[in-house]
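Worksheet: the structure to be examined is printed underneath.
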2 protein chains.
Amino acid sequence: MASASLQEAVSVLKSTNVRMTPQRHAILEFLHSSMSHPTADDIYKSLEERFPNMSVATVYNNLRVFKDAGIVKELTYGDSSSRFDCVTSDHYHVICNDCGKIVDFHYPGLDEVETLAEHVTGFDIEDHRMEIYGTCPECTKMSKQ
Amino acid sequence: MASASLQEAVSVLKSTNVRMTPQRHAILEFLHSSMSHPTADDIYKSLEERFPNMSVATVYNNLRVFKDAGIVKELTYGDSSSRFDCVTSDHYHVICNDCGKIVDFHYPGLDEVETLAEHVTGFDIEDHRMEIYGTCPECTKMSKQ
DNA sequence: TCTTTATTTGTAATTCTTATAATCTATTCT
DNA sequence: AGAATAGATTATAAGAATTACAAATAAAGA
């Protein structure tokens with residue numbers, strides 16, 4: 001479950017019969033370099049200059065390919081559009097209710113939750129995610145003024 | 001954070017200046033009776049018979065009112081449409097990757113996560129949610145046949 | 001290089017959700 | 001009770017995100 005580097009992601013893709021295209025590489029690159037959690041549109045806009053002819057459909061297609069390959073996760077929050085996060089290691093997200101900022105948060109040791117859920121529900125558990133909601137320091141400061 | 005009964009939900013609404021209408025009551029009733037986690041459209045369809053003239057907008061409007069009042073939570077997963085869950089007590093959701101079934105799952109004691117997140121990120125934490133993903137017994141059985 | 005097959009592109013279509021304005025209904029004030 | 005006010009519903013249109021589709025293009029292996 002840990003595809004740390006861009007290289008690793010590329011080789012994961014090659015192992016299935018997924019071809020490497022310039023667009024794909026650029027999308028992966030952007031996902032790995034940006035520490036934020038971009039939307040499909042963020043990605044599209046950021047690559048507009050390098051790929052003036054790229055279609056939005058390409059971004060969506062490839063995000064699905066990456067998701068299926070397990071190297072990218074889709075995050076759906078309250079807001080309209082999904083965000084995408086390259087799978088690096090288990091971490092959670094702290095999200096600001098005001099401005100939407102997302103901060104990574106490490107908290108190990110929730111494997112137990114999966115084990116218990118398996119026993120209680122009979123599901124074959126694969127994964128879990130957690131989001132923590134609140135107000136970020138900046139927004140707190142703003143509201144106090 | 002615990003509005004166990006329908007009655008309680010109604011009185012919460014009355015305490016703000018939200019009027020009780022037949023449509024509102026029916027939506028609340030449905031949310032409380034259905035142990036599933038219906039989409040706006042599920043709710044709309046289920047009330048079609050009783051309220052032939054009801055608009056989808058009414059469902060959406062009221063779900064927002066309920067959300068703002070804190071008696072209903074919106075759940076956004078991978079699939080296209082949001083699901084709604086009346087706030088009863090803290091619980092999490094186990095979701096089937098195949099058929100989308102959602103099962104409630106109680107796991108106390110994750111307040112610590114919020115505390116730690118506050119310290120690490122400086123956020124003013126209010127809430128958290130967790131989803132556990134896997135394959136339900138039925139879908140596992142199906143795939144083995 | 002050639003062939004096969006995946007991928008990209010551009011556009012149209014779909015779906016979910018929200019905005020708007022008109023109508024209607026409940027509550028309040030006199 | 002009756003009028004005024006504010007809130008709610010309805011119907012429809014608009015908006016935004018995502019997907020479907022068919023034609024054109026490009027990658028990978030023989």
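Reminder, nothing fancy here: chain letters follow the sequence lines and each chain counts from 1.
Applying the salt bridge (Lys or Arg N to Asp or Glu O under 4.0 Å) definition to pairs two or more places apart or across chains, those involving residues 55-70 of chain A are A:Lys67-A:Glu74. Applying the salt bridge (Lys or Arg N to Asp or Glu O under 4.0 Å) test to residues at least two apart or on different chains, none of the pairs has a partner in residues 52-62 of chain B. Residue pairs satisfying the salt bridge (Lys or Arg N to Asp or Glu O under 4.0 Å) criterion with at least one member in residues 18-46 of chain B, sequence neighbours excluded, are listed as follows: B:Glu29-B:Arg50, B:Asp41-B:Lys45. Residue pairs that meet the ring pair (Phe, Tyr, Trp, His ring centres under 6.0 Å) test with at least one member in residues 118-139 of chain A, sequence neighbours left out, are A:Tyr92-A:His128.
For B:Thr58, the side chain to side chain donor-acceptor pair (under 3.5 Å) criterion is met by no residue, not counting sequence neighbours. Listed by chain and number, the residues in a side chain to side chain contact (heavy atoms under 4.5 Å, CB included) with B:Ser46 are B:Phe30 (sequence neighbours excluded). Every residue two or more places apart in sequence or in another chain was checked for a ring-ring contact (aromatic ring centres under 6.0 Å, His included) with B:His25, and none qualifies. Take A:His93 and apply the ring-ring contact (aromatic ring centres under 6.0 Å, His included) test, not counting sequence neighbours, and it matches A:His37, A:His91.
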(message) One character per nucleotide, please: for nucleotides 14-23 of chain C, 5' to 3', B when the base has a protein heavy atom closer than 4.0 Å, S when only the sugar-phosphate does, - otherwise.
(response) --SSBB----
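Close approach of DNA chain D to chain A, defined as any atom under 4.0 Å from a non-hydrogen atom of the protein, starts and stops at D:dA17 to D:dA28.
Axis orientation changes by 40° from one end of the helix from C:dT1-D:dA30 to C:dT30-D:dA1 to the other, with each end axis drawn from 5 pairs and the value rounded to 10°.
Within a heavy-atom distance below 4.0 Å of DNA chain D, the residues of residues 18-28 of chain B found are B:Val18, B:Arg19, B:Thr21, B:Gln23, B:Arg24.
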